[in-house]
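For reference, the structure discussed in these notes is given below.
When a ligand or atom number is given, it counts from 1 through the structure's own listing order.
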Amino acid sequence: MRVPLMAGNWKLFKTAAETTVFCERFLPMVAAASHCEILICPPFVNIPAAVAATQGSKVGVGGQDVYWQKEGAFTGEVSAPMLKAVGCRSVIIGHSERRQYFGETDTTVFKKTTAAIEAGLQPIVCVGETLDERESNRTEDVLATQFKGGLGALRPDEFAKIVIAYEPVWAIGTGRTATPDMAAAAHKFLRDQVRGAFGEEAAQAVRILYGGSVKPANVKNLMAQPDIDGALVGGASLKPEDFSLIVNF
Ligand code: PGA
């Protein structure tokens, strides 16, 4: 039985003070939610505020990115042991915005994923096709390539620690959600990739989240799909009411 994971990706939003206010309102709204794990991923500088505000609650805190070196002359970067030390449980890796604007590749995704696992963080590794790729029928090729390049070379014991997030790029922040059927097909395809690379047990165990315009109004139908094990939520995770409705789908 896979425990659902509902994760909020706050992107470049909220100050430390706003983070504290969010948590004060959000925690009571999800206090009774025992059916899933809950995570918020604020910008790096607000992680300490989030950790302090969620202490003793079931809400975990994660980073939105990580560098693969532990330390060194890498101006501007943050390492996996640093995220762990500040109280992170997880880290998002390979988000499409990082791929699109910051030169993330399947190779860097792989390096970041192994570094996160080594530091004891749970990587949430994002894959997904662009609109152009979907319209030219390349969705499965793209997912297979991203899976192979970003995750395929992990050791089985490493793979057991990761979460995959399927996020069709055309559905992110656009209000255009993949239909439950579309998402289900992509999730099944990804689970088949896992089965091929790591075997049946790994395929049954790995959680695959859906991301891309998840809202209170569509979460239930998405979560009803057998291969969808949670959500990676951007915009709607910034509002305590909306994110709590998503968590309590
Ligand atoms: P969205 O973002 O929910 O605002 O579409 C999802 C994401 O980018 O993780």
Side-chain angles (χ1 to χ4, degrees), residues 4-14 18-19 22 26 30 36-44 46-47 50 59-66 88-104 109 112-113 116 121-131 133-134 139 142-143 146 150-151 162-180 182-183 186-187 190 207-223 225 228-249:
L5 169 60
M6 306 311 253
N9 171 14
W10 285 4
K11 310 191 180 187
L12 191 54
F13 291 101
K14 290 194 194 292
E18 288 164 349
T19 301
F22 173 96
F26 178 66
V30 297
C36 67
E37 287 173 24
I38 309 167
L39 186 74
I40 54 173
C41 301
F44 288 137
N46 298 327
I47 287 172
V59 177
V61 177
Q64 297 175 13
D65 184 31
V66 65
C88 284
R89 179 195 290 176
S90 310
V91 60
I92 298 169
I93 295 174
H95 189 278
S96 64
E97 286 150 19
R98 303 248 24 120
R99 294 179 190 257
Q100 187 178 350
Y101 305 129
F102 304 101
E104 193 86 77
V109 167
K112 291 178 176 190
T113 302
L121 294 168
Q122 168 191 64
I124 301 174
V125 181
C126 304
V127 296
E129 81 286 0
T130 62
L131 185 60
E133 288 161 346
R134 175 161 285 268
T139 298
V142 169
L143 295 181
Q146 290 177 342
L151 301 172
I162 72 149
V163 172
I164 298 173
Y166 168 63
E167 297 206 308
V169 178
W170 49 271
I172 294 177
T174 58
R176 261 184 88 172
T177 330
T179 63
M182 261 176 178
H187 281 236
L190 283 166
R207 287 180 290 184
I208 307 180
L209 314 184
Y210 171 79
S213 296
V214 175
K215 306 284 177 222
N218 60 26
V219 64
K220 207 171 165 162
N221 282 339
L222 289 162
M223 289 303 293
Q225 305 302 317
I228 299 185
D229 306 312
L232 182 54
V233 187
S237 74
L238 294 167
K239 297 187 197 127
E241 298 75 21
D242 284 3
F243 195 36
S244 72
L245 287 169
I246 289 170
V247 166
N248 295 318
F249 66 93

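- A donor and an acceptor atom, one from each side chain of E167 and H95, are located under 3.5 Å apart.
- Inclusion of T174 in the set of residues having an N or O under 3.5 Å from an N or O of ligand 1 is not warranted.
- Every N/O-N/O distance between G212 and ligand 1 stays at or above 3.5 Å.
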Test log, rule side chain to side chain contact (heavy atoms under 4.5 Å, CB included), inputs T113 and L151: CA-CA 8 Å; T113 302; L151 301 172; 4.3 Å; yes

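- More than 12 heavy atoms of other residues, nucleotides or ligands sit less than 6.0 Å from atom CZ of F44.
- In terms of polar-atom proximity, defined here as any N/O pair under 3.5 Å, G173 does make such a contact with ligand 1.
- With sequence neighbours excluded, the residues satisfying ring pair (Phe, Tyr, Trp, His ring centres under 6.0 Å) with W10 are F22.
- Residue H95 has at least one nitrogen or oxygen atom sitting less than 3.5 Å from a nitrogen or oxygen atom of ligand 1, judged on distance alone.
- Rounding to the nearest 0.5 Å gives a distance of 7.5 Å between CG of L209 and NE2 of H187.
- Contacts between C126 and ligand 1, counted as non-hydrogen atom pairs separated by less than 4.0 Å, are absent for every part of the residue.
- Taken from CG in N221 to OG1 in T177, the straight-line distance is 10.5 Å, to the nearest 0.5 Å.
- Closest to atom 7 (C) of ligand 1 among all protein heavy atoms lies E167 OE2, 3.2 Å.
- To the nearest 0.5 Å, the span separating CG on L39 from SG on C88 amounts to 8.5 Å.
- Close contacts between ligand 1 and S213 involve ligand atoms 1 (P), 3 (O), 5 (O) [criterion: under 4.0 Å to a heavy atom].
- Atoms of ligand 1 lying under 4.0 Å from any heavy atom of K11, numbered from 1 in the order shown and given with element: 2 (O), 7 (C), 8 (O).
- Scanning the protein heavy atoms around atom 4 (O) of ligand 1, the nearest turns out to be G235 N, 2.9 Å.
- Among the atoms of I172, none of the N or O lies under 3.5 angstrom from an N or O of ligand 1.
- For residues 207-217, the set of pairs meeting the salt bridge (charged side-chain N to carboxylate O under 4.0 Å, His left out) definition, not counting sequence neighbours, comprises E37-R207.
- Using a 4.0 Å cutoff on heavy atoms, A171 counts as a contact of ligand 1.
- When only non-hydrogen protein atoms are considered, atom 3 (O) of ligand 1 lies nearest to G234 N, 2.8 Å.
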